[in-house]
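Counting convention: from 1, in listed order, for ligands and their atoms alike.
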Amino acid sequence: AKDDGRGCWCIYTDELDRRFKHRRSTEADLRDALADGTGIEVYYQPLVVIQSGEVIGFEALARWRHPTRGMVMPQDFIPVAEASGLITALGERVLRNACLDAAHWDPPLRLSVNVSPLQFVQGDLVGVIERALEDSGLDATRLELEITEGVLIDDANGTLALLKRIQALGVKVVLDDFGTGFSSLGYLRHFPFDKVKIDRSFITDMIGSCEAIAIVKAVIFLGKSLGMEIVAEGVETSGQFDLLLDLGCTQAQGYLISRPMPIQHFKGPILRDEGTRHPFLAG
Ligand code: C2E
Ligand code: MG
Ligand code: MG
Ligand code: MG
């Protein structure tokens, strides 16, 4: 039994060691990618108005084309970037490039960019936003920044004041992944978000769960009462889409409409598919 225990311990430490090395090489490679200015790409996922199916904008989502590992997804590098502080440079890169792209889109189309909690603490977030807007020529009112509840957990760093300065530029502030953090209702009371995105987990559970439906319904009612736009994230089925329409949700985003893709994939006419209520197809 003693040998078995040691065996398990060895396997365990080997696994930890392997993970540690993987993390360290990921960090080193990411640092190189950011220094070279190569490999970090931006994919876009459309947001549609549920009633009309009209595309009103795109969310920018970071992708990393690694020299040997191929395409790396955010879950495999955003946490490393956050732990190492590289997220500030990464976030700035994504914001700048996305603004440069969006400046070429049809004027009503909006751009939504994710901002990490660390970007509120490190570096000059407001200055970075101002420069990205100025250098790209994108109008501030077409930019939305998505933050998660983590940003608001305590206001020790003056996050609320920073958010208000960002809104004063004309940029919209969006609460992402709503419902997954703590004391969400308190945040809605203390900060005037322009938009709330209902987390995918609630949308996934809606079919077959009265409780999930009740929560989605309540969030839609609450958001509307507070004058916010409401987006459902992770809409994958037409059943979910139709239910969201019935519940009065205003916007949707998800694989049903489109996966995130390079912006060139959306060029050309946005086709209306009369057969469905989610009439967006990639051109
Ligand atoms: P998020 O901001 O909540 O973005 C939505 C995520 O859900 C994206 O994953 C998107 O591809 C995925 N998604 C969209 N529709 C569906 C669907 O119908 N089904 C399923 N299963 N998934 C769907 P992605 O691109 O892997 O990004 C994951 C997270 O990484 C993002 O979650 C965001 O928190 C973070 N992230 C991505 N890019 C950036 C960035 O530039 N900066 C920062 N700070 N975070 C980023
Ligand atoms: Mg987001
Ligand atoms: Mg989200
Ligand atoms: Mg999410």
Side-chain angles (χ1 to χ4, degrees), residues 30 33-34 39-48 50 57-65 71-102 110-123 125 128-129 132 143-151 172-181 184 193-207 219 229-241 244 251-263 265 278 280 282:
L30 189 57
L34 288 166
I40 304 299
E41 298 180 10
V42 186
Y43 274 31
Y44 294 93
Q45 187 179 34
L47 281 94
V48 300
I50 293 183
F58 294 88
E59 177 174 4
L61 293 158
R63 296 290 182 267
W64 179 18
R65 202 177 290 278
M71 197 59 107
V72 185
M73 299 298 283
Q75 65 190 50
D76 296 319
F77 67 91
I78 297 285
V80 176
E82 283 178 335
S84 59
L86 291 171
I87 191 71
T88 309
L90 176 69
E92 183 171 347
R93 175 73 49 84
V94 171
L95 178 67
R96 281 190 69 83
N97 288 345
C99 286
L100 289 166
D101 281 342
R110 304 189 219 163
L111 166 68
S112 209
V113 180
N114 293 286
V115 179
S116 161
L118 220 71
Q119 291 179 264
F120 284 83
V121 194
Q122 281 183 9
L125 182 59
V128 164
I129 295 164
L143 178 62
E144 300 178 341
L145 296 182
E146 300 192 2
I147 64 161
T148 51
E149 288 166 340
V151 167
K172 293 185 183 66
V173 178
V174 180
L175 183 55
D176 202 355
D177 301 343
F178 184 72
T180 57
S184 313
F193 289 97
D194 298 287
K195 184 190 262 198
V196 169
K197 298 181 90 166
I198 307 173
D199 191 67
R200 171 160 61 92
S201 56
F202 296 101
I203 309 305
T204 305
D205 291 348
M206 268 195 324
I207 305 294
V219 175
E229 295 177 49
I230 320 289
V231 189
E233 290 193 301
V235 179
E236 293 184 348
T237 69
S238 45
Q240 291 164 347
F241 191 93
L244 288 162
Q251 294 167 28
Q253 185 178 2
Y255 293 171
L256 175 71
I257 299 140
S258 169
R259 288 189 175 252
M261 291 191 267
I263 201 65
H265 290 233
H278 42 90
F280 177 80

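Rounded to the nearest 0.5 angstrom, L244 CG and I230 CD1 are separated by 11.5 Å. Remark: T180 OG1 to R200 CZ distance equals 11.0 Å, nearest 0.5 Å.
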Worked verdict on D177 versus E149 for side-chain contact (heavy atoms from CB on, under 4.5 Å):
CA-CA 8 Å; D177 301 343; E149 288 166 340; over 6 Å; no

*Walk me through it: do L145 and I129 pass the test side-chain contact (heavy atoms from CB on, under 4.5 Å)?*
CA-CA 10 Å; L145 296 182; I129 295 164; 3.4 Å; yes

Inset, instruction - Give the intermediate values and the outcome of side-chain contact (heavy atoms from CB on, under 4.5 Å) for residues V113 and V42. - result: CA-CA 10 Å; V113 180; V42 186; over 6 Å; no

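Within the protein, the number of N, O or S atoms lying under 2.8 Å from the Mg ion (ligand 2) is 4.
For atom 3 (O) of ligand 1, the nearest non-hydrogen atom from the set I78, D177, I203 comes from D177. Here the shortest heavy-atom distance to atom 15 (N) of ligand 1, taken over Q45, Q253, E59, belongs to Q45. Nearest-residue assignment for atom 25 (O) of ligand 1 (options M73, R93, R63; heavy-atom criterion): R63. The nearest non-hydrogen atom to atom 31 (C) of ligand 1, considering only L118, L61, I40, comes from L61.
Counting heavy atoms under 4.0 Å from ligand 1, residue D176 touches it through the side chain alone. For E233, every heavy-atom contact with ligand 1 shorter than 4.0 Å involves the side chain, none the backbone.
Judged by distance alone, the side chain of Q122 and the main-chain N or O of L118 form no donor-acceptor pair under 3.5 Å. Put simply, the side chain of R65 never gets that close to the backbone of E41: no donor and acceptor are under 3.5 Å apart. D194 places no side-chain N or O within donor-acceptor distance of the main-chain N or O of V174, the cut-off being under 3.5 Å.
Inclusion of E236 in the set of residues having an N or O under 3.5 Å from an N or O of ligand 1 is warranted. On a distance-only criterion, A62 and ligand 1 share at least one N/O pair closer than 3.5 Å.
Close contacts between ligand 1 and V94 involve ligand atoms 41 (O) [criterion: under 4.0 Å to a heavy atom]. Using a 4.0 Å cut-off to heavy atoms of S116, the atoms of ligand 1 that qualify are 44 (N). In the vicinity of P260, heavy-atom distances shorter than 4.0 Å reach the ligand 1 atoms 11 (O). Less than 4.0 angstrom separates some heavy atom of R200 from each of these atoms of ligand 1: 19 (N), 20 (C), 21 (N), 22 (N). The contact set between ligand 1 and G254, taken as ligand atoms under 4.0 Å from a residue heavy atom, comprises 15 (N), 18 (O).
For the pair I40/W64, a side-chain contact is recorded, criterion being any heavy-atom separation below 4.5 Å from C-beta on. Residues F77 and L90 form a side-chain contact, since some pair of their non-hydrogen atoms from C-beta on lies under 4.5 Å apart.
Put simply, the residue from K197, K172, R110 that forms a salt bridge (charged side-chain N to carboxylate O under 4.0 Å, His left out) with E146 is K197. In summary, of the residues considered (E233, R259, Q253, E59), a side chain to side chain donor-acceptor pair (under 3.5 Å) with Q45 occurs for Q253 alone.
Not close to ligand 1: E82, with no non-hydrogen atom less than 4.0 angstrom away.
For the ring-ring contact (aromatic ring centres under 6.0 Å, His included) test, no residue two or more places apart in sequence or in another chain qualifies with F202.
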